[in-house]
Amino acid sequence: MRKKRILLLSEGFGKGHTQAAHALSVELRQNSSEIITRVLELGAFLHPTLAPWIFSAYRRTVTSQPKLYGMLYRNQYEKSLGRFAGLFLHRMFYSQTKAIIKQLKPDIIVCTHPFPSAIVSRLKRAGLTVPLFTVITDYDVHGAWIDSAVDKYLVSTPKVQERLIARGVPETNIEVTGIPVHPDFHLEHSKVQTRKQFGLKAMPTVMVMGGGWGVFKKEEKEELLTYLAGWSKDIQLLICLGTNEKARQQLLEEEIFRQPNIHLIGYTNEINKLMDISDLLITKPGGMTCTEAMAKGIPMLFYSPIPGQEEMNCQYFQDQGYGQMITSLEMVDHWFKLLLEQYPELSKRRITIRKHQKFGAQDCSRAIIQYLKLSDQRPYRQASTTTPLIQWY
C-alpha cells in the first residue's frame, strides 16, 4: 500500500510562509509513518531565474515604501484574488502547475501562501479533484486568501475564523489550529550547552531580529540598534541578520557593534536554541517569528510593523499580553531595567506565555491526517514521463 502524498506549496515573499510549510511537513511525517511530503516554493521552482528578481523587488518596495504597500494592502483587503488576476498569475508564472500535480499525484495539497492557493483553486474549478487546504500564516485574513474552491482553511485564531465566516466561508470549512512552527520550538535546549556553542555569557540576553530577510532600515540601524548597543555593558545582545551578510559586515565595521557582549549572527537554523537563552525579543511582528517566540514564551517588543498584516499581528500579540509596540526609547529602558532588576518576574511571565498556548503544528497536521482518513482511497497511477522528475522526501 503506497504512502499518502502531501504536497505543500509556498512562495518566497518573506520567509514565514515557507517556514510554516516546512514545519508542517516535519510534523506530518512525525505523526504518521504512512505519509510522505514535498515542499515547493512554486514560483521559484518554475522560474528559478525570474523569481529572485521578483522577490527582491517586493522586498525593496516593502522596506523602502511601506506606506505604498500598506495602501495597496488596505485597498484590496476585502477583495478576493479575481479571475483576471488568477489567470494572469497562471499564464505568467504558474502554467506548469497542472503538470507538476499530474506527476506527483498528491492525495492533498496544502498552501501556505495565497498565490499558489489561488492557482490550485483555479485548477480545481477546471476539474482538478485533489483536496486543497490553505494555512493562513498571519493573525488576520486578507481577501487574497479567500476562494470558494478551498476545501479547508487552517487558521491562527477564532478571530480569523470569524472574519472568514463574515466573508462567506462556511464554518465547516474552517478549523482553528494555530500557525505551525517546527517541533524544535516546543523543545527546551540546554542553556549551558547553547551558550558554549555560540560563545555567549550567562547574563541577561536580548535577541534582535530584522524580519525574515534580516533587514534593518537605515533609520532603525542609526537609532534603535545604536541605542541598544549602549546597553551592552549590562545586556548581552544577539542581533540576528539572517541571510543579509552585507548588513552584518556593515555593522561589524562600526566600533560600537564590536563590543564583547554584542553578537552579530548571520544565517542559522538554530534560532530555536538562541530563543531558549534569550530573555526578551525585539522584532518586527511577522506572523511566523512571533509564533515561534510565543512557543518559547519570550516576551516581545515590536518595531516598524509593515502596514497591513504586521500591524494586525502586532495588535493581536499586544491584546494577548505577549508583547508591546516600541513607542519610545524610554520603553526600551523600562524593559531592560526589568531584566536587570526584576529577572524572576520576567521568568514567570515566560512560563505564563507558554501555559497559554492552545495550538501548535500538531493541530494542523492532525486536521490534515484526519481528513485523509475520512477521504476515499485514490488509485495510484504511474507518474508521467513527459515532465521533469520531482522527488518526494
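Just the heavy atoms: all of them, side chains too, but no hydrogens, waters or symmetry mates, feed the values below. Sequence positions, counted from 1, serve as the residue numbers for this chain.
The closest side-chain heavy-atom distance from Ile369 to Ile35 is below 4.5 Å. Under the 4.5 Å side-chain criterion, counting only non-hydrogen atoms from C-beta, Ile119 is not in contact with Pro116. With a 4.5 Å cut-off on side-chain heavy atoms, Ile36 and Lys4 do not count as touching. For the pair Ile146 and Val169, the minimum side-chain heavy-atom distance is below 4.5 Å.
Listed by chain and number, the residues in a salt bridge (Lys or Arg N to Asp or Glu O under 4.0 Å) with Asp276 are Lys296, Arg354 (sequence neighbours excluded). Looking at residues two or more places apart in sequence or on another chain, you find a side-chain hydrogen bond (donor to acceptor under 3.5 Å, both in side chains) between Ser10 and Thr18, Thr112. Partners of Ile165 under the side chain to side chain contact (heavy atoms under 4.5 Å, CB included) rule, at least two apart in sequence or in another chain, are Gln161, Glu171, Ile174. Legend: residues meeting ring pair (Phe, Tyr, Trp, His ring centres under 6.0 Å) with Phe336, ordered by chain and number and at least two apart, are Trp231. The salt bridge (Lys or Arg N to Asp or Glu O under 4.0 Å) check on Glu41 picks up nothing, with sequence neighbours excluded. In terms of the salt bridge (Lys or Arg N to Asp or Glu O under 4.0 Å) criterion, residue partners of Asp151 (sequence neighbours excluded) are, by chain and number, Lys124. Remark: Lys233 pairs with no residue by the side chain to side chain contact (heavy atoms under 4.5 Å, CB included) rule, at least two apart or across chains. For Glu245, the side-chain hydrogen bond (donor to acceptor under 3.5 Å, both in side chains) partners are Arg248, Gln249, not counting sequence neighbours.
Side-chain atoms of Arg350 never come within 3.5 Å of backbone atoms of Pro299 as a donor-acceptor pair (strictly under, hydrogens ignored). Judged by distance alone, with hydrogens and angles left aside, the side-chain atoms of Lys98 form no donor-acceptor pair with the main-chain N or O of Leu128 at under 3.5 Å. In terms of modelled atom types and a separation under 3.5 Å, the side chain of Glu254 and the main chain of Leu251 share no donor-acceptor contact. No side-chain donor-acceptor contact under 3.5 Å links Lys337 to the backbone of His334. Between the side chain of Asp147 and the backbone N or O of Ser121, no donor-acceptor pair lies under 3.5 Å. A donor-acceptor distance shorter than 3.5 angstrom exists from the side chain of His182 to the backbone of Asp184, with no hydrogens or angles considered. Ser25 places no side-chain N or O within donor-acceptor distance of the main-chain N or O of Ala21, the cut-off being under 3.5 Å.
Side chain to side chain, Asp107 and Tyr371 fail the donor-acceptor criterion of an N or O pair below 3.5 Å. Side chain to side chain, Ser328 and Glu330 meet the donor-acceptor criterion of an N or O pair below 3.5 Å. Counting only N and O atoms by type, the side chains of Thr205 and Ser278 include no donor and acceptor under 3.5 Å apart.
Within the structure, the salt bridge (charged side-chain N to carboxylate O under 4.0 Å, His left out) test picks out no pair touching residues 191-202 (sequence neighbours left out). Applying the ring-ring contact (aromatic ring centres under 6.0 Å, His included) rule to pairs touching residues 262-293 yields nothing, sequence neighbours excluded. Pairs engaging residues 255-271 under the salt bridge (charged side-chain N to carboxylate O under 4.0 Å, His left out) rule: Glu270-Lys273 [sequence neighbours left out].
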Inset, instruction - Verify salt bridge (Lys or Arg N to Asp or Glu O under 4.0 Å) between Asp140 and Lys159, making sure each step is shown before the conclusion. - result: CA-CA 8 Å; Asp140 187 32; Lys159 180 63 72 175; over 6 Å; no

Check: residues 312-321 side-chain donor-acceptor pairs under 3.5 Å, at least two apart:
residue	atom	partner	partner atom	Å
Asn313	OD1	Tyr139	N	2.9
Asn313	ND2	Asp138	OD1	2.8
Asn313	ND2	Pro285	O	3.0
Asn313	ND2	Gln309	O	3.4
Gln315	NE2	Asp319	OD1	2.8
Gln318	OE1	Met325	N	3.1

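Surrounding CD of Gln193 are at most 12 heavy atoms belonging to other residues, nucleotides or ligands under 6.0 Å away.
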